[in-house]
Amino acid sequence: MIDAAFINESTSLSSGELLEIATVCAKQQREHVAPAWGWPTPTIEFLPSPRFVLPGMRIVKARDLSDVAGAGAYHDKDERGVPVSYVFVGTLTQAGEAPSVGFSHEVSEMAGNPNTALWVPGPDGYDVARELVDAVEGDSYPIDGILVSNFLLPNFFIVGAPPPYDHMGLVKQPFETRPRGYQIRRDRKTGEVDQVFGELRERWRIDAKSRPGTRAYQLVKTSA
């Protein structure tokens with residue numbers, strides 16, 4: 001059974017290039033993410049057509065330009081409730097970013113919080129969305145010459161836990177936001193949801209997270 005199917009709906013990326021990215025994302029999940037979290041290894045494959053997608057498969061679609069201004073990628077659920085991610089190759093390329101990092105980001109977060117419903121107790125009276133990449137967005141490393149996203153480890157989401165907190169060893173304490181990252185949090189008393197941003201996060205990224213269609217917007221909206 002294929003857990004995540006990569007589908008190419010982009011003219012900016014060849015099927016061969018997407019196959020390479022899918023292969024590297026599968027390797028990252030198999031060798032890094034799944035062992036770190038104690039999860040079964042997911043099967044990730046490139047499919048040549050949407051007609052090969054079977055019920056229950058998570059879907060990762062490559063598209064050209066974003067339908068949400070400023071968003072290079074986001075994940076949602078389709079009408080059947082199946083997690084689906086969209087990675088906008090042209091939008092990411094225009095922003096000077098490697099599309100492979102966007103695919104890696106989305107696959108990891110679909111694995112860690114597929115239904116956008118998981119919160120963990122954080123510091124200062126807040127719960128924090130259990131997103132595996134958001135806090136370290138902007139940090140990446142190569143696998144077989146292709147860049148993939150850094151990701152968080154379980155102890156990141158535990159107040160007072162010892163390191164390591166992320167795969168690259170860049171985070172110094174639980175719930176820290178890296179310079180280009182962000183986090184979604186919920187006040188435990190009021191239920192109000194907001195976002196915190198790293199000091200180097202680009203303005204277009206901050207604006208994008210407030211627009212309908214993004215995961216951050218959905219979490220804020222559904223928690224209001």
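- Side-chain contact of Q28 with S104: a donor-acceptor pair under 3.5 Å is present, judged by distance alone.
- Hydrophobic cluster membership differs between V107 and V136, with clusters built from Ile, Leu, Val, Met, Phe, Trp and Tyr side chains linked at under 4.5 angstrom.
- Under a 4.0 Å N-O distance rule, the pair E45/R58 does not qualify as a salt bridge.
- Side-chain N or O atoms of D3 include one that pairs as donor or acceptor with a backbone N or O of T43 at under 3.5 Å.
- Expressed to the nearest 0.5 Å, how far OG of S149 lies from CG of D134 amounts to 9.0 Å.
- Between F156 atom CZ and E131 atom CD the span is 11.0 Å, to the nearest 0.5 Å.
- In summary, of the residues considered (Q195, Q183, E199), a side-chain hydrogen bond (donor to acceptor under 3.5 Å, both in side chains) with T177 occurs for Q183 alone.
- Side-chain contact, Q29 with S108: a donor N or O sits under 3.5 Å from an acceptor N or O.
- With hydrogens and angles ignored, the 3.5 Å screen pairs a side-chain donor or acceptor of E17 with a backbone N or O of S14.
- A donor atom on one side chain and an acceptor atom on the other are not found under 3.5 Å apart for Y74 and E109.
- Within the structure, the side chain to side chain donor-acceptor pair (under 3.5 Å) test picks out the following pairs touching residues 159-176 (sequence neighbours left out): N150-D166.
- Hydrophobic clustering, with ILVMFWY side chains joined whenever heavy atoms are under 4.5 angstrom apart, groups L132 together with V159.
- Under the 6.0 Å distance and 45° angle rule, R130 does not count as a cation-pi partner of W119.
- The shortest heavy-atom contact between S10 and S12 is OG-N, 2.8 Å.
- Ion pair E9/R63 flagged as a salt bridge, since at least one NZ, NE, NH1 or NH2 atom sits closer than 4.0 Å to an Asp/Glu carboxylate oxygen.
- For the atom pair CE (M57) and CG (L54), the distance works out to 3.5 Å, reported to the nearest 0.5 Å.
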- Taking it one step at a time, do V171 and L153 satisfy side chain to side chain contact (heavy atoms under 4.5 Å, CB included)? CA-CA 10 Å; V171 177; L153 303 178; over 6 Å; no
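- To the nearest 0.5 Å, atoms CG (D64) and OG1 (T11) are separated by 3.5 Å.
- Of the candidates F6, F88, Y86, F6 is the only one forming a ring-ring contact (aromatic ring centres under 6.0 Å, His included) with F103.
- Contact between L47 and A5 at its shortest, heavy atoms only, is CD1-CB, 3.5 Å.
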- Going through the checks in order, is the side chain to side chain contact (heavy atoms under 4.5 Å, CB included) test met by W37 and H32? CA-CA 9 Å; W37 281 85; H32 300 166; over 6 Å; no
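- Taken together through direct or relayed side-chain contacts under 4.5 Å among Ile, Leu, Val, Met, Phe, Trp and Tyr, M110 and F151 form parts of separate hydrophobic clusters.
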- Message: Using side chain to side chain contact (heavy atoms under 4.5 Å, CB included), reason through T23 and E20 one step at a time and then give a plain yes or no.
- Response: CA-CA 5 Å; T23 301; E20 288 184 347; 5.7 Å; no
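- The other members of the hydrophobic cluster of V101, by chain and number, are L147 (side-chain heavy atoms under 4.5 Å, ILVMFWY only).
- Rounding to the nearest 0.5 Å gives a distance of 9.0 Å between CD of E97 and OG of S140.
- Between F175 and Y126, the distance from one ring center to the other does not fall under 6.0 angstrom.
- Residues L152 and V148 are members of one and the same hydrophobic cluster, defined by side-chain heavy-atom contacts under 4.5 angstrom among Ile, Leu, Val, Met, Phe, Trp and Tyr.
- Remark: side-chain polar atoms of R185 are not paired, donor with acceptor, to backbone N or O of V196 under 3.5 angstrom.
- With rounding to the nearest 0.5 Å, the separation of OG in S100 from CG in L13 is 9.5 Å.
- Partners of T93 according to the side chain to side chain contact (heavy atoms under 4.5 Å, CB included) rule, which considers only residues two or more places apart in sequence or in another chain, are V89, P99.
- Inter-residue side-chain proximity for V60 and I7 is flagged as unmet; no heavy-atom pair is nearer than 4.5 Å.
- For the pair P174/F157, no side-chain contact is recorded, criterion being any heavy-atom separation below 4.5 Å from C-beta on.
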- Message: What verdict does the side chain to side chain contact (heavy atoms under 4.5 Å, CB included) test give for H105 and V87, after you've listed the backbone C-alpha separation in whole Å, the side-chain angles of each residue and the deciding distance to 0.1 Å?
- Response: CA-CA 10 Å; H105 180 141; V87 180; over 6 Å; no
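- Cluster annotation: I146 and V133 are assigned to the same hydrophobic cluster (Ile/Leu/Val/Met/Phe/Trp/Tyr, side-chain heavy-atom contacts under 4.5 Å, transitive).
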